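Everything below concerns the one structure shown next.
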Amino acid sequence: MTPLLANLNPEQLAAVTLPHVSALILAGAGSGKTRVLTTRIAWLIATGQASPLAILAVTFTNKAAREMATRLSTLTHANTRGMWIGTFHGLCNRMLRAHYRDAELPQLFQIMDTADQLALIKRLYRAHALDEERYPPRQLQWFIADSKEAGLRPNAVEAGDDFARAQVEHYALYEAMCRREGVVDFAELLLRSYELLSGHDAIREHYRRRFSHLLVDEFQDTNVLQYKWLRLLAGERTAVFAVGDDDQSIYAFRGANVANMQHFERDFAAPDQPVRLIKLEQNYRSHGTILDAANALIRHNRSRLGKNLWTSEGKGEPARVFAAPSDVDEAAFVVDIVRNLADEGVPLSEIALLYRSNAQSRVLEHALFGAGLPYRVYGGMRFFERQEVKHALAYLRLVAAPGDDGALLRVVNFPPRGIGARSLEQLQDHARGAGTTLWQAACGGVVGGRSGSSIGAFVRLVEKLRQEAGALPLPQAIEHVIEHSGLAAHYANEKEGQDRLENLQELVNAAENFLRESLVAASAPGGAADAADEGATDPLTAFLAHAALEAGETQAAEGASALQLMTVHSAKGLEFHTVFITGLEEGLFPHENSLNEFAGVEEERRLMYVAITRARRRLYLSYAQTRMLHGQTRYHVASRFLDELPKELLQWLSPQRRRAVDVDESEWGALPAAAPGYAQATPPAPAWRVGQNVRHAKFGVGVIVGAEGRGSDARVQVNFRDAGVKWLALEYAKLEAA
DNA sequence: AAATGTGGAATTTTT
DNA sequence: TTCCACATTT
């Protein structure tokens with residue numbers, strides 16, 4: 001056995017060494033998914049079955065793509081640069097740059113992020129006097145993304161009613177606007193690439209011949225269009241290696257289609273070769289109890305391919321459950337336990353505090369701050385989304401492609417240079433009348449008066465920047481633009497402009513890094529051949545695409561050991577020694593909105609499954625009976641997910657003044673106390689909960705749809721089959737389970 | 001053009 | 001409650 005294949009378990013080995021067939025790898029949490037994916041590629045190359053040029057590996061995030069590339073470079077001596085490894089969007093961008101004419105795009109098309117897109121839609125509304133009240137811009141944005149991700153152009157969208165017809169019309173106007181300005185949104189990269197392949201036999205055949213192996217990470221997260229793209233790219237002789245976990249599908253709300261996993265076997269089978277299915281169920285991350293809990297929970301989902309995680313390690317400790325009277329008490333509990341873990345020597349960075357929604361971090365942060373515990377919150381502003389960076393990028397976009405009206409509007413009067421709303425109004429009117437971009441209108445000098453001269457000065461500024469920056473290497477060009485656009489001086493005068501200036505310097509550094517990496521890629525053997533059949537893109541446009549496609553780290557400072565606070569969604573793919581899952585309340589987790597969504601609770605349950613499987617050694621589950629939400633105190637019952645966990649895996653805790661005296665001598669009795677000040681408790685009696693069927697003497701049968709209050713104030717809202725929705729005080733209404 | 005006020009909404013998120 | 005977008009003021 002070669003070292004490459006050493007220490008693989010039988011299933012992993014089978015997956016890595018599959019013959020040239022398409023395969024679906026059902027890879028459970030912590031089953032070594034990334035390792036299998038990268039080792040598969042390394043093995044294909046090492047055994048001479050595939051050249052690096054014949055491999056395309058696609059992921060969802062840049063982080064995953066980078067990780068794959070990094071691991072690969074340690075696994076194989078062959079150069080990995082000729083490979084197409086990247087995100088769906090990154091690879092589509094690459095393809096569209098290479099075939100921009102056939103794709104009917106301008107050579108220097110610019111990529112809009114979601115914020116740019118919304119700004120464009122708002123301009124569209126103003127230009128066509130569309131009704132923002134009746135058709136909220138955000139809704140149109142969603143509609144467009146949705147349509148594109150289904151592979152539908154405006155002429156193909158079916159509109160059943162007037163509202164939908166209006167949206168389709170707006171969609172068409174939006175497309176015309178994008179075309180005129182030479183910009184594309186994220187979904188457009190996918191759709192355009194798909195159309196390029198479907199509409200040009202020669203191009204499609206070229207890529208089909210070239211890529212003998214397509215490898216897909218996080219396959220459960222693919223949307224309809226991504227699936228169609230993969231099908232198109234996969235020829236008769238292409239082996240597609242799709243790795244995913246249907247139980248970890250938590251992005252249906254943004255178009256992910258788990259059904260792709262079910263369809264895969266049907267759609268990717270070769271005439272003589274059925275799709276191979278391999279399950280990776282051995283988990284290398286967690287102790288047994290954690291996996292048992294996860295397995296038991298996810299068994300409550302009806303639609304699954306079916307999978308059970310196991311480990312050769314011991315069962316470990318029970319999951320500790322804490323019912324806090326309030327959100328503040330819950331946070332205090334977390335602080336108590338964390339202090340204790342820290343004393344035990346668990347690094348803070350190995351402890352994660354998870355919650356369903358970002359708003360929940362506040363109370364936790366407050367308690368941690370008060371306790372002097374360092375923490376890091378994930379989510380929030382990313383580097384390339386900062387306003388000063390956006391401004392600098394807008395100047396650069398104007399320099400690269402002046403037809404970009406969004407970029408022009410962003411900086412035409414920033415720093416302020418006396419171009420007010422009136423002159424812009426005029427400029428926009430002229431552009432609209434002549435059917436040109438703002439830049440063209442501005443160059444035409446059609447706008448008279450004083451404002452015209454300011455706009456003329458702006459045009460001259462941008463052209464000067466283009467001339468001067470064009471002669472410089474990318475980082476210096478960016479530095480030049482920051483300096484001579486007036487951005488630097490503007491922020492230097494601003495009270496809190498120091499951070500912004502630093503970020504602008506950081507942008508120059510980012511360009512340096514970017515340039516260095518692309519030089520390595522181009523100089524690598526194979527890289528050159530690759531570039532030849534693609535047609536090179538100029539460094540500035542490439543960097544701007546990079547900035548749009550990779551928003552950058554959320555938080556710059558990785559820094560010292562700190563607690564990790566994040567939503568369950570952003571915890572996917574990570575692991576920690578200890579995990580706290582907080583806010584386990586009906587209405588929060590599962591979120592109340594999910595109760596009305598199709599298959600919503602199942603997705604919430606998968607989310608809970610993801611949360612549980614992040615823990616290696618210890619798991620704390622907590623909920624608060626009272627919580628401040630939207631400025632009001634809300635009362636919640638414990639999450640149904642707690643009920644769905646086998647009680648023998650749980651150890652309920654209650655605060656104690658004295659050391660525990662009434663510790664139940666169950667099988668966990670001998671295990672270490674959860675923390676000083678907390679002792680084992682008996683679980684609370686099952687409470688009425690949302691979703692439960694009940695019977696009332698007078699109103700008949702119904703289902704609980706809401707609950708609030710505690711003790712003698714407790715009330716439930718019941719939707720009766722015959723009597724409608726009613727609030728009932730539990731103290732008086734004699735409800736029974738039905 | 002900045003500063004201040006008001007109303008409404010308030011899962012989850014990558015590219 | 002808190003944040004955001006938008007409107008009005010200064």
Side-chain angles (χ1 to χ4, degrees), chain A residues 58-65 86-94 111-119 122 132-133 136-138 142 145 148-149 184-191 193 217-218 221-223 225-226 249-256 327 354-363 366 378-382 384-385 413-422 490 494-495 545-554 566-573 583 585 587-597 600-601 603-604 606-608 610-611 627-634:
Chain A
V58 62
T59 63
F60 275 86
T61 64
N62 293 295
K63 192 176 160 205
T87 63
F88 279 100
H89 295 83
L91 297 180
C92 287
N93 176 51
R94 187 170 178 177
I111 302 167
M112 293 184 286
D113 67 16
T114 337
D116 299 331
Q117 187 191 22
L118 188 63
K122 288 186 175 171
E132 289 208 25
E133 301 279 289
R138 282 191 184 279
W142 174 85
K148 288 188 180 183
E149 281 167 10
V184 301
D185 62 46
F186 287 136
E188 184 70 24
L189 290 170
L190 262 301
L191 181 52
S193 170
D217 189 21
E218 305 280 16
D221 288 338
T222 50
N223 63 34
L225 183 55
Q226 287 159 339
S249 163
I250 56 173
Y251 286 111
F253 72 92
R254 66 173 198 216
D327 48 355
L354 307 186
Y355 34 80
R356 176 64 178 80
S357 60
N358 291 110
Q360 289 166 248
S361 75
R362 183 164 252 100
V363 185
H366 184 79
Y378 282 70
M381 191 63 75
R382 334 259 299 278
F384 287 108
E385 289 167 353
N413 197 36
F414 193 95
R417 46 174 73 90
I419 300 179
R422 280 185 318 284
H490 176 83
E494 212 178 49
K495 288 190 295 286
H546 168 80
L549 292 176
E550 164 136 44
E553 290 293 312
T554 299
M566 64 190 87
T567 63
V568 181
H569 280 94
S570 31
K572 191 178 163 211
E585 295 135 46
L588 255 193
F589 198 4
H591 196 278
E592 52 198 351
N593 295 358
S594 73
L595 304 178
N596 310 316
E597 287 163 15
V601 176
E603 174 138 327
E604 295 286 307
R606 290 193 292 270
L607 202 47
M608 180 67 181
V610 167
R627 183 180 293 277
M628 205 53 151
L629 217 57
H630 310 327
Q632 283 182 324
T633 304
R634 298 237 319 213

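Predicted, not measured: the structure shown is a model, and the values here were computed from it.
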Of R417(A) and S594(A), the one whose closest DNA chain B nucleotide lies more 5': R417(A)
Would you say N62(A) reaches dT14(B)'s phosphate, i.e. side-chain N/O to OP1/OP2 under 4.0 Å? no
Taking only N and O in the side chain of N358(A), is any of them less than 4.0 Å away from OP1 or OP2 of dT11(B)? no
Given side chains that start at C-beta, do those of T222(A) and F60(A) come closer than 4.5 Å, heavy atoms only? yes
Quick check: any donor-acceptor pair below 3.5 Å linking the side-chain of T114(A) to the base of dT13(B)? no
I want to verify a distance call: between dT1(C), dT15(B), dT12(B), whose nearest atom is closest to the M628(A) side chain? dT1(C)
Considering only dT1(C), dT15(B), dT13(B), which nucleotide approaches the side chain of F253(A) most closely? dT13(B)
Is there a side-chain contact between N413(A) and the phosphate of dA1(B), meaning an N or O under 4.0 Å from OP1 or OP2? yes
Is the phosphate of dT15(B) approached by R382(A) (side-chain N or O, under 4.0 Å from OP1 or OP2)? yes
Counting only side-chain nitrogens and oxygens, does K122(A) get under 4.0 Å of the OP1 or OP2 atom of dC6(C)? yes
I want to verify a distance call: between dT12(B), dA1(B), dT2(C), whose nearest atom is closest to the R362(A) side chain? dT2(C)
Check whether any side-chain N or O of T567(A) sits under 4.0 Å from OP1 or OP2 of dT13(B), and answer yes or no. yes
Both distances under 3.5 Å, Watson-Crick or G-U wobble: report the partner of dT12(B), or none. none
Nearest-neighbour nucleotide for the T87(A) side chain, dT15(B), dT12(B), dT14(B) considered: dT15(B)
If you only use heavy atoms from C-beta on, which nucleotide in dT11(B), dT1(C), dT15(B) is closest to the side chain of T61(A)? dT15(B)
From the list dT15(B), dA2(B), dT11(B), which nucleotide is the closest neighbour of the side chain of L549(A)? dT15(B)
Going by heavy atoms in the side chains, are N223(A) and Y251(A) under 4.5 Å from each other? no
